[in-house]
Amino acid sequence: MKRLFLYLLTLAPLVYLLTRLFIIDDVNDPIKYIYTVTGASATVIVFFSIIISLIKNKLNLMKYRKEIGLLGFFYALLHLLNFIILDAQFDFSFVIKETLDKPFIYLGMIAFFIILFMAITSRKNLYRKYNKYHKFVYLFLILITIHWIMAQKAISILQFSYIFIILIIGYYKLLQQIINNNRSLHYQF
Amino acid sequence: MNIIKRKVWQISESEVTPKELFEKRRNFLKLGAASIISSGAIMELLAKEDLPKVTLDFIKDKNKDNLKLNTFEQITSHNNFYEFTTKQSGVKDMAHTLNTDNWTVTIDGLVENPMKVNLDDLVKMFTMEERIYRFRCVEGWSMVVPWNGFSLSSLVKKVKPLSNAKYIRFETLVDPDVFPDQKRGRFGVIDYPYIEGLRIDEAMNDLSFLATGLYGDVMPKQNGAPIRLVVPWKYGFKSIKSIVKISFVDKEPLNTWQKENSREYGFFANVNPNVDHPRWSQKKERVLGSFFKQDTLMFNGYEKEVSSLYTGMDLRKYI
């Protein structure tokens with residue numbers, strides 16, 4: 001039941017996007033709109049995946065954490081495909097040139113490779129070996145935040161409130177780390 | 001607002017049979033059923049696109065480049081008007097707060113005939129025209145708009161700039177009761193009033209246009225009613241909206257986006273596919289309503305008309 005609900009929630013943005021694009025058909029700037037919806041969805045879902053361990057006493061979703069992370073990856077992949085297929089129209093020299101040229105794009109690209117790495121190494125056998133590198137999720141979140149802010153023409157209240165929320169999450173994550181570290185110290189003695 | 005309203009007895013220009021067709025009536029008749037079907041299809045299309053009723057009189061644009069117009073719906077639901085919101089699709093529903101009745105435009109500075117004039121009176125001084133122009137936003141999207149209004153050069157000639165007037169500075173209305181972002185003070189997205197400027201010779205170019213309508217009807221509020229600038233060879237942010245003041249000055253005005261970020265935006269802002277924005281490419285553009293991109297043209301396709309304004313200037317430097 002929980003799983004069904006999670007999938008409905010995380011796939012809702014995609015259904016919404018497709019409905020707006022092809023059924024309601026009222027999107028003026030489709031390429032940009034696909035960027036916005038897929039980018040925002042990936043961001044929110046991956047952020048949610050790091051909150052799961054914070055709220056596990058109230059709502060335990062730990063066993064779905066991997067799937068949620070993979071759904072985040074799925075949106076990141078759609079975001080990249082939008083760049084390659086619709087925006088660059090399969091002009092790979094353009095993709096490479098822009099990636100090397102524009103900070104805003106190479107930050108996004110690095111972030112994509114981080115989440116790609118995590119998606120691949122989320123398989124059980126690989127996860128045992130690579131899970132320590134999954135801390136890169138924090139770097140991923142920082143990079144896509146900068147990537148998103150750089151995509152704006154001007155920074156407005158929306159961006160500031162987003163940063164504010166991130167700082168709150170960051171604070172609690174840090175607190176959690178400190179508590180965990182203390183606990184493991186206690187066990188050692 | 002009252003921009004040369006059509007008299008009841010005048011029929012719309014679009015209802016008049018074109019002369020060529022009238023003279024070739026026989027040929028026209030031969031077209032027979034096919035034409036009936038196709039005109040029916042056109043009528044259906046017009047109804048479907050929900051076009052406004054043509055209320056203005058103007059000299060029609062021949063559209064010699066055969067530009068394909070964006071729909072009225074697209075043009076009026078995708079607007080960068082940061083005084084309202086940074087959300088392009090959101091301006092439409094917020095713009096009703098802009099009251100354009102008894103709009104006054106102040107023309108001052110280095111001119112022989114400064115004036116503070118009611119917009120209706122100002123408009124009556126000039127010949128109304130239609131101009132079908134490409135419109136290219138610095139963000140990478142574009143559209144084609146049938147504007148109505150009058151040439152900026154006709155206004156410049158009327159007010160007679162003094163010899164030391166080198167630039168024109170335009171200013172948008174400031175009214176926090178109308179524009180939510182102006183209410184936010186220091187937390188607003190940009191500094192207000194919104195300022196733009198042109199060199200006098202740019203303003204005198206025949207393409208420079210003051211628009212008071214589009215698609216044959218008065219300017220929708222979200223598009224910068226009641227009067228806005230249109231300079232089609234420059235990125236859209238130069239085409240300042242809801243103008244209240246036009247000043248003739250001797251120094252280059254510091255326009256809003258240059259003031260916000262001079263590394264990324266300059267005074268000239270000429271459309272140029274060969275000079276990227278620092279954060280994104282300007283080679284191509286996303287035409288509104290399309291999944292496909294098209295090549296951006298030098299000076300947005302108006303190279304022939306305007307390139308002489310910039311001879312000898314390094315367009316990489318003067319962005």
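The sequence lines fix the lettering, A, B, ..., with proteins before strands; numbering per chain opens at 1.
- When the shell of 6.0 Å around OH of A/Y138 is examined, it contains more than 12 heavy atoms from other residues, nucleotides or ligands.
- Looking at B/T86, only its side chain comes within 4.5 Å of chain A, counting heavy atoms on both sides.
- Around the CZ atom of A/F94, the shell of radius 6.0 Å holds more than 12 heavy atoms that belong to other residues, nucleotides or ligands.
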Set out, in order, the CA-CA distance, both residues' side-chain angles and the distance that settles side-chain hydrogen bond (donor to acceptor under 3.5 Å, both in side chains) for B/S89 and A/N28, then state yes or no.
CA-CA 9 Å; B/S89 57; A/N28 285 321; over 6 Å; no
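- The greatest number of non-hydrogen atom pairs below 4.5 Å with chain A, out of B/Q88, B/H78, B/E139, is found for B/H78.
- Nearest approach of B/K284 to A/Q89, heavy atoms of both residues: NZ-OE1, 3.4 Å.
- Atom NZ of A/K56 has 12 or fewer neighbouring heavy atoms from other residues, nucleotides or ligands inside a 6.0 Å radius.
- For B/R184, the CZ atom sits in a packed shell: over 12 heavy atoms of surrounding residues, nucleotides or ligands are nearer than 6.0 Å.
- Nearest heavy atom pair, residue A/P30 against residue B/G289, reads CD-N, 4.5 Å.
- For B/F292, the parts sitting under 4.5 Å from any heavy atom of chain A are the backbone and the side chain alike.
- Among all heavy-atom pairs drawn from A/I149 and B/R279, the shortest one is O-NH1, 4.3 Å.
- Looking at A/F160, there are no atoms closer than 4.5 Å to chain B (heavy atoms on both sides), in backbone or side chain.
- B/S290 touches chain A through its backbone: at least one of N, CA, C or O sits under 4.5 Å from a heavy atom, while the side chain does not.
- The number of heavy-atom neighbours closer than 6.0 Å to CZ of A/F136, taken from other residues, nucleotides and ligands shown, is 12 or below.
- Residues B/K283 and A/K97 share a closest heavy-atom pair of NZ-NZ, 4.4 Å.
- The side-chain hydrogen bond (donor to acceptor under 3.5 Å, both in side chains) contacts involving residues 7-22 of chain A comprise A/Y7-A/E67, A/Y16-A/R20, A/R20-A/D26, A/R20-A/Y33, where partners must be two or more places apart or lie in separate chains.
- Residues from residues 260-270 of chain B that place a non-hydrogen atom less than 4.5 Å from a non-hydrogen atom of chain A comprise B/Y265, given in numerical order.
- Legend: residues meeting ring pair (Phe, Tyr, Trp, His ring centres under 6.0 Å) with A/F5, ordered by chain and number and at least two apart, are absent.
- At a threshold of 4.5 Å between non-hydrogen side-chain atoms, the residues A/K102 and B/D276 count as touching.
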Step by step, would you call B/R286 with A/D87 a salt bridge (charged side-chain N to carboxylate O under 4.0 Å, His left out)?
CA-CA 8 Å; B/R286 310 184 298 274; A/D87 202 353; 5.4 Å; no
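- Annotation for B/W280 and A/M150: closest pair CZ3-O, 4.5 Å, computed over non-hydrogen atoms.
- Using a 4.5 Å cut-off between non-hydrogen atoms, the part of residues 185-195 of chain B that approaches chain A consists of B/F187, B/V189.
- Atom NZ of B/K87 sits about 10.5 Å away from atom OG1 of A/T36, to the nearest 0.5 Å.
- Ring pair A/F22/B/F291 is parallel by interplanar angle, where below 30° counts as parallel and above 60° as perpendicular.
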